[in-house]
Number of protein chains: 4
Amino acid sequence: MLTERRRRGPQRSETSRQAIIAAASTLFQKHGYDHLTIEAIAAEAHVGKQTIYRWWPSKAAIIAECLSEGLLLPDWFVPENTGDVRADLRTWLRNIVLFLSASGNETLLRSLVIAGAENADVAQVLNERLGVWQVIADRVGDDTIEVGEALVGAIVIRSLRGGTLDEKFADRLLDAIAL
Amino acid sequence: MLTERRRRGPQRSETSRQAIIAAASTLFQKHGYDHLTIEAIAAEAHVGKQTIYRWWPSKAAIIAECLSEGLLLPDWFVPENTGDVRADLRTWLRNIVLFLSASGNETLLRSLVIAGAENADVAQVLNERLGVWQVIADRVGDDTIEVGEALVGAIVIRSLRGGTLDEKFADRLLDAIAL
Amino acid sequence: MLTERRRRGPQRSETSRQAIIAAASTLFQKHGYDHLTIEAIAAEAHVGKQTIYRWWPSKAAIIAECLSEGLLLPDWFVPENTGDVRADLRTWLRNIVLFLSASGNETLLRSLVIAGAENADVAQVLNERLGVWQVIADRVGDDTIEVGEALVGAIVIRSLRGGTLDEKFADRLLDAIAL
Amino acid sequence: MLTERRRRGPQRSETSRQAIIAAASTLFQKHGYDHLTIEAIAAEAHVGKQTIYRWWPSKAAIIAECLSEGLLLPDWFVPENTGDVRADLRTWLRNIVLFLSASGNETLLRSLVIAGAENADVAQVLNERLGVWQVIADRVGDDTIEVGEALVGAIVIRSLRGGTLDEKFADRLLDAIAL
DNA sequence: AAATAAACGAGACGGTACGTCAGGTCTTAGA
DNA sequence: TCTAAGACCTGACGTACCGTCTCGTTTATTT
């Protein structure tokens, strides 16, 4: 039987890895995606720059990993299933606007949009992470993935336009979507 | 009677102003918002850097002005009014996806999203420029501005997710929105 | 008889000219020759930059004019003539070291050296202004212009080397020169 | 026992250091102290600007180091000692005026004067480098440092005044100084 | 146990772009 | 037609980060 022969020498330091993504998350939330620098992450994590470049090809990849590890977005961004689709979506939308209207989180949304628009990998992870599309499609029926895109998209546009994100918005948005 | 006294000395050079926004537009479309540098704009426009810094506070402001002057987006991004609201919106959506699926224009969309997300002024101008919200609201009735946000938002999300932007998408999206 | 007809239009403003050389003198003494800028002179004199460039080819020329007008150096830098050459030179040297050891005047000397070394016109005016060479040569006899150069040069070198400029130095210097 | 522990990480690049002072020396002699720019040095030395700013606080400091390394002035600017003080000084003076009357070297002298007058560190190095003061004082006797200052100063003044620097000047200067 | 080799923290390196300052020229309105 | 004001292009300033590379140290796996 083939036993996977490990290399000689030290292995990747899990401590450093976690320090890096923690530092990246902190700085991302504090200063946004632009203004986030590798040097600052290295300094914040008490880590050499090379340790970052050795394992990640770009700052986008670091942010993607932060997302995968759940350090930037809460886990609960998926609708419940009580049987009443409309009510479930309403609750989900209200949770989201509640989260986004909290201090600092609107900046977070903008930064995530930037990160996703600049880098396809981040977009991919965001897609999976936020991945409500399929859930919604499953509930609403015949693969109307556009419903999910319209809901999430409306939130993004509203936020970028500087509009208020509140429950009234959530309700009116849901009314605008045919189910 | 108050006669507005003009200040002494030379006035702002309109030639330089136009050279700058033209150069900025060119480079924006060629390389995207990130990778767009003030130095490159100055060089392309055969202009001193200081002439840019004298009149614009940031590259975002330059892009905002490019948008205002119609250098980055075509003017016709507003629905017609034939009386048949659904048909008008369908035509409008098809035009948009047609435009975005043309070579290079998806990159343009991403860059505009980044610029708008990074800078509130750009977002404001994009809002006015793309400003279909009110038009749609007027047509569809009782100020459902969320309809416009959902339509535009869905396009953005679809694009960022890397999905195909075609007529089928446009039609299915319209079906998903209650009118 | 033909009276020299003056040109039509305004003549050179004597007010501006004096404001400019006064401002230049002030700034020269305050900040030195390097660190002296045309823009600062124009601002200090409440004068347009062009008014300076119209009449002087360089900042060195302005300083040369300041020297000619006696704004930077006192007039009395010429030995008396009591008949006792040695005593007269001693008094002259002592006056100079007294002047130079006063606060700020050592900086003045350095700045003048810089200005003279950078620009031949300034050197020329300094030569005339400080022009003790011929006076000394006349007194000491058979055109020993090198005596003057050695005396002034020793002062400059002593100052640049950061040495003390006092009466003892003056006396010892005079002793070192054969008369 | 104390073993001097070297710090971790890369050491200063001696190659870069020498390239920088060589470039600085070249440009100094070609264009003078004013007109010498850090950017030009960096470009000439094929070095990043930051590498210069990391190790030198100013261009004056670079020139000071060039002097210390013997890149700007020949080493032989010190009188011999044959026993005949007057003859030795005469030879020394003649060598100096010979050197200075060579093409370009008068400009070099002026630039060095400017550099020394603008910056105390350069003056200090020049003082040590040119340091004939003590040598002369030792020879001539009872610490008459002023003799050296007068000799060197006379040369400087003669040069700045635009006078000719030749053997006749050297001889007459020596005659003017009491030994 | 010794030798080997990769990962580590630190940080110097050649670069690019930043935003500012001053240079010297040119343009405008007012005196 | 000269002045004050100031916009123009140019180019150097000193700083921040980039991504690469080079140290001396630490650590884990062979020999």
Side-chain angles (χ1 to χ4, degrees), chain A residues 5-13 15-17 19 35-43 45-55 57-59, chain B residues 5-13 15-17 35-43 45-55 57-59, chain C residues 7-13 15-16 19 35-43 45-55 57-59, chain D residues 5-13 15-17 19 35-43 45-55 57-59:
Chain A
R5 280 263 267 143
R6 290 175 63 196
R7 302 190 292 82
R8 207 143 56 144
Q11 269 62 54
R12 176 172 187 182
S13 159
T15 309
S16 294
R17 197 193 125 263
H35 306 133
L36 179 66
T37 69
I38 301 278
E39 300 223 320
I41 296 172
H46 301 295
V47 141
K49 275 201 289 178
Q50 194 56 45
T51 302
I52 298 180
Y53 283 109
R54 195 182 345 257
W55 303 109
S58 64
K59 71 172 180 174
Chain B
R5 282 262 264 134
R6 291 172 64 195
R7 36 167 229 70
R8 227 164 13 165
Q11 267 63 51
R12 175 172 186 182
S13 160
T15 308
S16 293
R17 199 196 121 259
H35 305 132
L36 178 65
T37 69
I38 302 277
E39 300 223 319
I41 295 172
H46 301 294
V47 141
K49 270 200 292 179
Q50 196 55 50
T51 301
I52 297 180
Y53 284 110
R54 190 174 1 253
W55 301 110
S58 63
K59 69 173 180 174
Chain C
R7 302 189 289 82
R8 262 208 295 198
Q11 267 65 50
R12 177 172 186 181
S13 159
T15 310
S16 293
H35 306 133
L36 179 66
T37 69
I38 302 277
E39 300 225 318
I41 296 172
H46 300 294
V47 141
K49 274 200 290 179
Q50 194 53 43
T51 302
I52 297 180
Y53 282 110
R54 199 185 336 266
W55 303 108
S58 63
K59 71 173 180 175
Chain D
R5 281 262 264 134
R6 289 172 65 197
R7 48 162 224 73
R8 256 207 292 205
Q11 267 65 51
R12 177 173 186 181
S13 160
T15 308
S16 293
R17 198 195 122 261
H35 306 133
L36 178 65
T37 69
I38 302 277
E39 299 223 322
I41 297 172
H46 301 294
V47 141
K49 272 200 290 180
Q50 196 55 49
T51 301
I52 298 181
Y53 284 110
R54 189 174 302 121
W55 300 110
S58 63
K59 69 174 181 174

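In what follows, chains carry the letters A, B, and so on, assigned in the order in which the sequence lines appear, proteins first and then strands, with residues in each chain numbered from 1.
For the pair Ala45(A) and Ala19(A), the tightest heavy-atom approach, listed with the atom from each and the gap, is CB-O, 3.5 Å. Nearest heavy atoms, Lys59(C) versus Ile38(C): CB-CD1, 3.8 Å. When all heavy atoms of Thr51(A) and Ser16(A) are compared, the closest pair comes out as CG2-CB, 4.4 Å. Of all heavy-atom pairs spanning Gly48(D) and Ala42(D), the tightest one is C-CB, 4.4 Å.
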Subject >> Contact pattern, 5' to 3', of nucleotides 8-13 of chain F - B, S or - by protein heavy atom under 4.0 Å >> reply: BSB-SB

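For Ser58(C) and Gly9(B), each mapped to the nucleotide of DNA chain E holding its nearest heavy atom, the one lying further toward the 5' end belongs to Ser58(C).
Trp55(D) carries Arg12(D) over the face of its six-membered ring, with the cationic atom under 6.0 Å from the centre and within 45° of the normal.
Computed from coordinates, the Ile52(A) CD1 to dC17(F) C1' distance equals 13 Å when rounded to whole Å. Computed from coordinates, the Arg8(D) CZ to dG24(F) P distance equals 11 Å when rounded to whole Å.
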